[in-house]
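Letters A, B, ... are given to chains in the order of the sequence lines, protein chains preceding strands, and every chain is numbered from 1. As the structure is a computational prediction, the values presented were derived from the model and not from experiment.
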Protein chains: 2
Amino acid sequence: MRADRIVIADDHPVFREGLRRLIQGTASNAEVIEADTFRDMIQLAREGPVPTTFIVDLMFGDRSVETSLSALRLEFCRTSIIVLSMVDDRTVAERILSKGVDGFISKTLSPREIVAAIAAVRNGDQVLLLEPTFSALSDRDDEPAALTRRQRDVLRLLTAGKTNKEIAQALQISPFTVRIHVSALLKTLGVSSRTAAAAKATAYGLA
Amino acid sequence: MRADRIVIADDHPVFREGLRRLIQGTASNAEVIEADTFRDMIQLAREGPVPTTFIVDLMFGDRSVETSLSALRLEFCRTSIIVLSMVDDRTVAERILSKGVDGFISKTLSPREIVAAIAAVRNGDQVLLLEPTFSALSDRDDEPAALTRRQRDVLRLLTAGKTNKEIAQALQISPFTVRIHVSALLKTLGVSSRTAAAAKATAYGLA
DNA sequence: AGGTAGATAGCACATCTGCACTATTCTACA
DNA sequence: TGTAGAATAGTGCAGATGTGCTATCTACCT
């Protein structure tokens, strides 16, 4: 069994240190690395073996790392990502989780609960979400990037790795038409290549 | 809130029916659809609104649906996929989970536990747990498709949607060299386009 | 010493892709 | 009944992509 390699990123040294001690108390063989900025975390993660877990504070100063999570998820596909947050906002949590993060944990929980949640992600190899007062989830129909039905059809097949010709065949339309849809959805998604679109679709759970 | 649309695929009518009743007992407004083959499930899923949850038996007769799960995950990105299995094998579970499935639940658990696990996935939008005796996870170093180190570097960036030029810049090598690596990894992965490679990498947890 | 494999770099060629432009048809909506 | 938006189909063009070739350098194995 490969040793766990856990990278903690938080700009509060006290909290970070406390978390490190808590983790090492339950997983003594784990290698725990601390970073006080998101950038440092990436830097440290790229050195040496791929980390098994990221534990990231959502806010650094007044800046949220939310926009960087998709890229993090893409670059470290096999690493568990756990986001810690001071806020308990449900919509924020759902938005974060939709980026492919494995856990969203409130810092307001007790240390024991936080550690238990982290351990669950690490041991169970999956996901979980916390928040004390979560009940039902929202309708999910939150703006899927304003793609038309046909564009979504195309995006789905594109994300599956199909070429324009294959998409045309699958949807029984002309390859020319497929290109129109591809161009349109690239513009909407704000990217300039189909592979980037596929990456974004995967990261955001679109398609 | 959109109604849940749950598709159950299992070749044992009794189990299927029991599961349906259990689910409707806890989520009375859910639309539950039954299929007795994997193929039927896909067929039913493609008709009407996109399902919110798939609950799939791992084995149909003596045939495993394992190889079809990646395709399922790709086609239904926003649908929770839960795999049920008679076997408790840890390595099998991990292999299945690595395909992007949201849950792996043993049929040997009590009905109440199964329903709770399914409800957790459905409500929590993430979440899943499984197997009573899971402890540590394996080393994860199971043959990453025999790609070289450099090819993995390239694949990782490629999967993130980067162009050859961007990859070259990121890795500080020539675009020509990037193309060599791309060509090589395409051949190894058995695909013929970068987007297909990205799809495969995402589905198989490579990169 | 010789052989193999990986990483590097380049060239040439055919194809694919993304974009700009035009144009027709159909549906929904005011 | 227009009008707007979506889907359809096409052409032309520039740039990106994938493949096949050659070639050098390093590391490792026999």
(request) Work out which heavy atom in B/Ala168 is nearest to a heavy atom in B/Ser174; give both atom names and the distance. (result) CB-C, 3.9 Å
At a cut-off of 3.5 Å, list every protein nitrogen or oxygen paired with a nitrogen or oxygen from nucleotides 7-9 of chain D, distance to 0.1 Å.
{"unit_1": "D/dA7", "atom_1": "OP1", "unit_2": "A/Thr148", "atom_2": "OG1", "d": "3.2"}
{"unit_1": "D/dA7", "atom_1": "OP1", "unit_2": "A/Arg150", "atom_2": "N", "d": "3.0"}
{"unit_1": "D/dA7", "atom_1": "OP2", "unit_2": "A/Thr148", "atom_2": "OG1", "d": "2.8"}
{"unit_1": "D/dT8", "atom_1": "OP1", "unit_2": "A/Arg150", "atom_2": "NE", "d": "3.0"}
{"unit_1": "D/dT8", "atom_1": "OP1", "unit_2": "A/Arg150", "atom_2": "NH2", "d": "2.9"}
{"unit_1": "D/dT8", "atom_1": "OP2", "unit_2": "A/Arg150", "atom_2": "NE", "d": "3.4"}
{"unit_1": "D/dT8", "atom_1": "OP2", "unit_2": "A/His181", "atom_2": "NE2", "d": "2.6"}
{"unit_1": "D/dA9", "atom_1": "OP2", "unit_2": "A/Ser174", "atom_2": "N", "d": "2.5"}
{"unit_1": "D/dA9", "atom_1": "OP2", "unit_2": "A/Thr177", "atom_2": "OG1", "d": "2.9"}

(request) Output every pair passing salt bridge (charged side-chain N to carboxylate O under 4.0 Å, His left out) with a member in residues 182-193 of chain A, not counting sequence neighbours, ordered by first then second residue. (result) none
(message) Which residues pass the salt bridge (Lys or Arg N to Asp or Glu O under 4.0 Å) test with B/Glu34, not counting sequence neighbours?
(response) B/Arg16, B/Arg20
(request) Would you indicate whether the side-chain heavy atoms of B/Ile55 and B/Leu84 approach each other to under 4.5 Å? (result) yes
(request) To the nearest 10°, let me know how far the axis at one end of the helix from C/dA1-D/dT30 to C/dA30-D/dT1 is tilted from the axis at the other, five pairs an end. (result) 50°
(message) A side-chain contact here means heavy atoms from C-beta on lying under 4.5 Å apart; do A/Ile82 and A/Val56 qualify?
(response) no
(message) Can you confirm whether B/Leu157 sits close enough to B/Asp153 that some side-chain heavy atom of one is under 4.5 Å from a side-chain heavy atom of the other?
(response) no
(request) Could you check if a side-chain atom of B/Ile33 sits within less than 4.5 angstrom of a side-chain atom of B/Ile8, using non-hydrogen atoms only? (result) no
(message) Using every non-hydrogen atom in the two residues, find where A/Ser193 and B/Gly161 come nearest and quote the distance to one decimal.
(response) OG-O, 3.8 Å
(request) Determine whether A/Val83 and A/Asp57 make a side-chain contact, defined as any pair of heavy atoms from C-beta on separated by less than 4.5 Å. (result) no
(request) Give the B/S/- string for nucleotides 14-19 of chain C, one per nucleotide from 5' to 3', where a protein heavy atom under 4.0 Å of the base yields B, of only the sugar-phosphate yields S, and otherwise -. (result) --SBBB
(message) Checking A/Arg179 now: which residues fulfil salt bridge (Lys or Arg N to Asp or Glu O under 4.0 Å) with it, not counting sequence neighbours?
(response) none
